[in-house]
Each structure stands twice: as structure tokens, then as C-alpha cells.
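One structure is given here, and the rest of the page talks about it.
Every chain is numbered from 1, with letters handed out A, B, ... down the list of sequences.
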Amino acid sequence: MIRTQGLQYHYPKGPTLSFPDVDVPQGTVLLLSGPSGCGKSTWLALVAALVAPSAGQITVADQALDALKNVAADAWRAGAIGFLPQRLHLSAALTVQQNLSVAQWASGHAENPAAIQTALAALGVAELAQRKPAQLSGGQAQRVALARAVLLKPKVILADEPTASLDDEAAADAVALLLSTAQAQGATLVIATHDARVAALMPADLSVQKRLQLLQLKRQSNPVERLYVE
Amino acid sequence: MKTLSLAWSYLWSRPLSAALNLLLLSLGLASITFLLLVSHQLNQAFERDLQGIDVVVGAKGSPMQLILSGVFHIDVPPGNVPLKAVQELQKHPMVAQVIPISLGDNFGSFRIVGTSHDYISHYQATLAQGQFWTKPLQVVLGATAARKLGLVLGNTFVGSHGLGAGGHAHGDSIYTVVGILAPSGSVLDRLILTDTESVWKVHEDYTALDDEDRQIMIEEREITMALVRYKTPLAAVSFPRFVNTSTEMQAAAPAVEITRLLSMLGLGTDVLRAFAGVLLLTAGLSVFIALWSAVRERRGDLALLRMLGAPPAKVAALLLLEALWLGLLAALLGVLAGQGMTAALAWMLALDNSLLIGGMAWPVVLWVVPMVALGVSLVAALLPALGAYRISVLELLQGR
């Protein structure tokens with residue numbers, strides 16, 4: 001679950017971004033949309049406890065984030081948040097297996113090859129364990145990155161622009177994969193995107209069951225984020 | 001996954017740059033190793049061969065030449081001194097022992113040294129085979145000399161004039177090998193030792209015209225120099241002055257001359273040391289540039305590690321360890337290469353039998369090399385590691 005109240009983030013020497021309140025129950029989906037520069041990345045960073053809000057409260061997976069500092073925040077993030085970055089960031093120096101074990105290393109968990117096998121198998125890429133990322137197709141790489149994101153059974157999965165630069169068919173596959181993985185894990189799924197196709201790809205029964213929320217961010221005045229992007 | 005093996009994987013993800021930096025670092029460290037080993041071995045050789053020799057008395061000339069020729073046997077002596085004058089020294093109240101040294105001939109470029117049994121016992125050398133000489137023209141071989149010349153007990157040979165190969169052969173005087181010394185690590189290893197009488201005999205037999213002539217020669221017998229041991233350390237103050245002022249000979253104190261020699265060599269080693277320093281500096285800079293660009297290249301990967309829950313210190317440690325791996329490997333290669341260079345130098349010196357350096361040595365001071373390696377790589381990695389420490393995950397999210 002993710003709950004925010006009066007959330008604001010003030011960029012040093014920049015503008016202050018304000019975010020609408022949300023209350024996302026555990027196991028449901030939040031579609032975070034809006035044009036680039038509207039604060040999607042900042043919102044993700046706030047939820048992942050990478051930056052602290054200048055005002056307001058966030059509670060993620062039953063954890064009030066203002067109580068977390070530095071190393072404690074890192075340790076919490078390792079277990080509670082699964083992150084699927086836009087450019088996947090699989091390390092080219094390592095095999096698929098090693099790329100996943102990096103997640104265990106980063107979180108301070110002991111290396112657990114069995115868990116890695118299970119995570120890869122759940123996404124149908126177990127036989128690719130010994131390959132290097134360069135030897136993977138785009139779809140395979142995304143599955144591997146998703147396996148890495150859910151390896152430690154996070155409560156919340158954050159997917160950043162998962163459909164960027166994918167054709168319609170691949171985008172549909174990617175979204176379906178995210179939804180099914182999150183559901184299988186019982187995890188809350190946040191998809192941050194400026195891609196209008198994603199909303200259309202959401203299955204109707206999600207809305208019917210009130211398991212889908214939309215958080216539409218608007219471009220805010222003097223968006224300093226755009227300066228960062230470009 | 002262990003941090004060490006992860007750092008190893010990252011290091012070799014750019015094999016060319018890693019190998020290049022390894023090479024640069026290793027070269028610098030090899031030079032340092034080489035310098036350390038050579039100066040260690042030189043010092044050891046000097047110390048070993050000088051032990052117990054308080055002063056060397058010989059013909060007037062360069063005192064250093066006297067020491068180098070008489071103690072280390074790597075130079076020609078300045079001349080000869082009358083036997084009688086040396087015998088006078090023996091009676092001096094401050095003198096405990098006088099070992100005569102007579103040079104002049106060689107066999108297969110190994111020096112034939114006319115001396116007394118005292119010379120052998122001075123270096124605590126023992127016989128491996130045979131016995132000591134009992135009469136002139138019997139020789140005892142140093143271990144290296146025996147091995148290189150391929151001589152065994154009972155072999156005979158003819159010495160040639162001069163201290164290097166190729167001199168006139170003394171055809172009438174035949175030496176017989178009666179003993180071979182066990183290796184002692186001292187200068188004796190590469191000498192052919194015989195009685196002082198032998199040297200006189202060879203030259204008198206060769207040049208004397210008749211008995212009367214021979215009698216005159218016996219009266220005028222000379223030796224090349226004498227190694228003197230004092231009864232009391234106080235003698236160091238007065239004895240050399242006594243010799244230098246009241247006799248036709250000169251006294252040279254090995255300790256003083258060697259200090260002088262080392263300070264002259266010092267300029268050369270300073271240049272080498274500066275060279276090694278420049279090499280290391282270059283290597284350090286190169287490692288720094290490589291790591292710095294690695295941090296820039298892998299910004300995303302490193303930020304992702306933070307996203308995956310790694311504390312900043314862990315990410316920075318990854319960078320440091322990568323540099324430490326490099327330093328460790330370079331230290332290993334550098335020490336091996338330095339040993340190789342020293343061995344090559346020893347081999348070259350062995351060709352003219354001036355064996356001051358040789359064999360593998362692992363002096364404690366060699367620990368300096370891995371220390372320097374780790375120091376350089378750590379310093380080079382400091383800024384990149386700081387960069388990794390401060391990497392912003394927000395930038396990753398913003399697609400940079």
C-alpha cells in the first residue's frame with residue numbers, strides 16, 4: 001500500500017512540486033501518468049525513500065517513511081521496493097544469474113541461487129541464467145530485469161516507463177507481464193508512464209474491481225525537472 | 001554475491017583498460033623491487049665480505065681500488081708491497097691478525113689468490129672435499145669456481161698471467177686441486193686459493209736466471225696486500241695514520257670506502273628511484289582516469305545498486321576494491337618481474353665472475369612493494385569512490 005498526504009518536494013534552488021494525495025491499497029495498481037517534467041520521477045524517488053519530502057507524509061507498505069534515515073532507508077528499500085528502470089540497467093559485465101545475485105548483494109542478503117532460479121523460472125527465462133545481457137533480446141532483458149525487481153518479494157513494484165520504445169504488441173506484453181507478476185506476488189504495482197497506450201491496455205476488470213487508480217500529474221509551473229531531463 | 005568477486009567482474013569487464021593499467025603499475029613496482037633487491041644484495045655482500053676486516057694495507061694508490069681488489073676481488077690491485085714491511089706490521093701491538101693476499105694470475109678468469117689458511121677460516125668456510133694445501137702449487141677451489149671450471153680433486157691446471165682470461169700461460173708450474181670448499185656465500189666461492197709461496201714460486205721459476213738471481217728475488221719477495229684485524233677498536237684511530245705516514249704503504253678502512261662507494265652509487269639509485277616514482281605516478285593517474293571513466297560509464301548501474309538497497313558506502317567500497325584488486329595483481333607481477341630483472345643482472349655479472357648479486361632473495365624490505373601498490377591504487381580510487389558514494393539515484397529515475 002501507498003498513502004500520501006500533502007506531499008511536497010522542494011528542489012534546492014528550484015521550484016516546489018506538490019502532489020495530489022493517493023491511497024493505494026496493497027495488491028492494487030496505480031497508473032502514474034503525465035507529460036515528461038511533471039514530477040513522476042520525483043514521486044517515485046519519494047516513494048522509494050531516496051529523497052525526503054519537504055512537506056507531507058508518505059506511508060509505503062505499512063512503513064512511515066519519515067521515520068527512516070539513510071542506511072535504514074536503504075535496507076528498507078531493498079526488501080520493500082522492487083524497481084524496474086526504464087533502461088533496465090542490467091550490468092553488461094555480469095551474467096543474468098550474477099545480475100540477480102547483485103540484488104541480493106546490494107540488500108545484504110546471503111547469496112541464494114535457488115531463489116534466483118525460482119524468480120527466473122517464474123518469468124520463463126530460467127534457461128538464460130548463464131548468458132550476458134548483450135546476448136538477450138529486448139523482451140528477454142525486460143523479463144530478467146523484472147525477475148531482479150521481484151527477487152526479494154517486494155511489497156511494491158515501481159515500473160518506470162516500461163513501454164517506452166516498444167511497439168504496440170511488445171508494449172501489451174510488457175504491461176500484461178507486469179500485471180500478472182504483481183498479482184502473483186500480491187504486490188502493489190505502480191506504472192509511471194507518459195505513454196497513453198498503457199491506460200488503454202489496462203484490463204477492464206481491474207477498474208470494475210476498483211483495483212486500478214489513476215494519478216494524473218500536470219506539468220507544474222517552472223518545471224525544473226525538465227532541465228534535468230534535457 | 002561477494003563484494004570481492006563483484007569488484008573482480010567489474011574490473012575485467014573492460015579487459016584492455018584493466019590490462020594496460022596492470023602493466024603500468026607492474027612496471028613501476030618492478031623497478032622498485034629491482035632497486036630494493038639490488039641494494040639489499042649489495043649491502044649484504046659488502047657486509048658479509050667485509051666482516052672482521054678492519055683495515056687493508058697495500059700499495060699506495062686509490063684506497064677504494066685497494067678494497068675492491070683485495071676484499072671483493074672485482075678490481076685490479078694498485079701494486080705490490082714488500083713482504084718484509086707486512087711482517088713488520090704483524091709485530092705491531094694493536095694488530096691481532098694479518099692475512100696476506102697475493103694476486104697476479106688466473107685460471108679461466110677465476111683469480112688465483114695466494115694466501116694463508118687464515119683467509120679460509122676467516123670466512124668460516126669448510127671443505128666439501130679433499131684437504132687444505134700443505135705445500136706450494138696445491139690449490140683449494142671455491143665452490144662456484146670448481147663448478148664453473150669443471151675441476152675435481154686431483155685435476156691439474158696451468159695458471160695464466162693477469163687477472164682476466166687470455167694472459168700468458170705459466171707453462172712450467174702446474175697447480176693440483178687438493179680441496180674444494182663448500183659454498184659459503186662469501187667471496188671465497190669464486191676464488192682459487194693457494195699458498196702465498198705458490199705465487200712466488202711460479203714467478204720466480206719463470207723469471208730467475210740462476211740461483212743467485214733467485215736469492216735476490218727471495219729477499220725482495222712481495223705480496224699484494226694484507227687484510228688486518230685489530231686487537232682493539234681503538235686502533236682504528238691511530239693505526240691507519242701510522243701506516244700511511246711511517247711506511248711506504250697505505251691503509252684503507254673498508255667501512256669508510258664502502259660508505260663512499262655507496263654514496264657515489266647513490267646518485268645512480270636516486271635517478272632510478274625517481275624514474276620508478278614517475279612510472280608509479282603515471283600508473284596511479286592512469287588507474288584514476290580508468291576508474292573515473294568507469295564511474296561515469298556505469299552511473300546507471302551504480303545508481304541501480306543504490307535503488308536495490310545498497311548503502312552508498314557499499315557502492316564506494318566496490319570501486320575501492322576494484323582498485324585494490326588491481327594493486328594486488330600489480331604487486332604480485334611487479335615483485336616477480338623485479339626478481340626476474342635482478343636475476344638477469346646477476347646472470348650478466350656472473351659472466352665476468354664479479355658475483356656480488358645473485359639468487360633469489362626475499363628481504364623483509366620487499367613488503368614495501370605491496371604497500372606502495374595498495375597505497376597508489378587506493379589514492380587513485382579515492383575520488384572515483386567518492387563520486388560513486390555521491391551518485392544520485394534521482395538522475396537515474398530522470399533517465400540520465
Side-chain angles (χ1 to χ4, degrees), chain A residues 11 36-37 40-46 48 50-51 70-83 85-95 97-111 132 145 148-149 151-152 158 160-161 164 192 225-230, chain B residues 1-19 21 290-291 293-323 325-326 384-385 388-400:
Chain A
Y11 273 91
S36 30
K40 292 195 299 289
S41 302
T42 311
W43 193 88
L44 289 178
L46 286 164
L50 285 164
V51 291
N70 302 330
V71 179
D74 291 327
W76 168 84
R77 184 184 326 116
I81 304 281
F83 182 56
Q86 179 182 348
R87 281 193 290 174
L88 306 184
H89 288 295
L90 295 171
S91 178
L94 307 174
T95 63
Q97 166 98 22
Q98 287 170 329
N99 261 294
L100 262 70
S101 75
V102 162
Q104 289 167 343
W105 169 82
S107 66
H109 283 64
E111 193 170 352
K132 290 280 176 74
R148 179 180 60 190
L151 181 62
L152 297 175
L158 304 180
D160 190 16
E161 302 285 2
E225 270 207 336
R226 243 172 47 208
L227 299 177
Y228 279 91
V229 172
E230 282 139 17
Chain B
M1 181 172 248
K2 302 281 180 294
T3 313
L4 270 177
S5 64
L6 192 55
W8 177 266
S9 302
Y10 277 134
L11 175 62
W12 292 105
S13 66
R14 289 159 296 131
L16 188 67
S17 145
N21 285 315
L291 287 175
S293 64
V295 168
R296 295 190 65 84
E297 234 172 76
R298 286 196 247 130
R299 274 193 104 71
D301 284 12
L302 294 173
L304 187 84
L305 291 178
R306 297 271 295 109
M307 192 73 202
L308 288 172
K314 207 167 181 173
V315 178
L318 198 60
L319 254 288
L320 283 183
L321 278 177
E322 203 175 312
W325 268 126
L326 208 56
Y389 185 90
R390 293 167 58 168
I391 217 146
S392 158
V393 193
L394 203 54
E395 282 180 29
L396 166 83
L397 289 168
Q398 285 162 348
R400 294 224 299 181

In Å and rounded to the nearest 0.5 Å, what is the [atom1] to [atom2] distance from [X] to [Y]?
X        : Y        : atom1 : atom2 : answer
B/Met307 : A/Asp160 : CE    : CG    : 9.0 Å
A/His89  : B/Leu308 : NE2   : CG    : 11.0 Å
B/Leu302 : A/Ser91  : CG    : OG    : 9.0 Å
A/Leu50  : B/Ser392 : CG    : OG    : 8.5 Å
A/Lys132 : B/Ser13  : NZ    : OG    : 8.5 Å
A/Ser107 : B/Lys314 : OG    : NZ    : 6.5 Å

Contact summary for [X] and [Y], nearest pair of heavy atoms:
X        : Y        : answer
A/Leu94  : B/Ser9   : CD2-CB, 3.3 Å
A/Glu111 : B/Lys2   : OE1-N, 4.4 Å
A/Ala106 : B/Pro311 : O-CD, 4.2 Å

Under 3.5 Å, is there a donor-acceptor pair between the side chain of A/Arg77 and the main chain of B/Arg306?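 Yes; judged by distance alone, with no hydrogens or angles, the pair exists.
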
Check: [Y] and [X] side chains under 4.5 Å, non-hydrogen atoms:
X        : Y        : value
A/Asp74  : B/Pro312 : yes
B/Leu304 : A/Pro85  : yes
B/Leu318 : A/Trp105 : yes

